[in-house]
Amino acid sequence: MPAPRPAAETRPGTASGPDAVTDVVRWAVFSCALVPVILVWCGGSLAGAGGTALGLAAVTAACRALLRGSERGAARLRTAEGAPHRGRHQRSGSGAHRGGRRPGGHTPVG
């Protein structure tokens with residue numbers, strides 16, 4: 001028998017906390033199975049329940065794709081925030097041509 005999963009299991013490479021996308025998809029799949037059963041139990045037709053199940057499955061698949069894409073975008077953003085910004089022309093260091101005021105006698109000769 002597999003070991004029970006800890007309540008706050010994390011995925012490698014992500015922020016700490018439970019994997020919310022997986023939990024949402026699990027509940028959606030559960031609903032895709034439960035809703036047609038309830039519809040048939042309350043007197044609905046099998047064809048209507050089957051159509052409802054297919055519709056819920058399509059919405060669940062689309063939402064899962066959107067959530068995963070959002071998760072990848074957030075991971076890219078976290079990675080980009082860790083890299084230092086190198087400026088407009090990708091130069092590092094202070095350099096001689098950085099603008100601003102310079103101390104000392106740099107006044108025009110008149």
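Each residue takes its place number in the sequence, starting with 1.
Annotation for V40 and S45: closest pair CG2-O, 4.3 Å, computed over non-hydrogen atoms. Here the closest non-hydrogen pair linking P36 and S31 is CD-O, 4.1 Å. Across A53 and C32, no two heavy atoms sit closer than the pair CB-O, 4.1 Å.
Heavy-atom neighbours of L46 CG from other residues, nucleotides or ligands within 6.0 Å: at or below the threshold of 12.
Rounding to the nearest 0.5 Å gives a distance of 4.5 Å between CZ of R68 and OG1 of T22. I38 contributes atom CD1, which lies 12.5 Å from atom OG1 of T52 (distance to the nearest 0.5 angstrom). Here the CG-CH2 distance, from L34 to W27, works out to 9.5 Å after rounding to the nearest 0.5 Å.
Not a single donor-acceptor pair under 3.5 Å links the side chain of S70 to the backbone N or O of L66.
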| message | Would E81 and R78 count as a salt bridge (Lys or Arg N to Asp or Glu O under 4.0 Å) here? Give the steps. | response | CA-CA 5 Å; E81 286 176 353; R78 281 192 303 270; over 6 Å; no
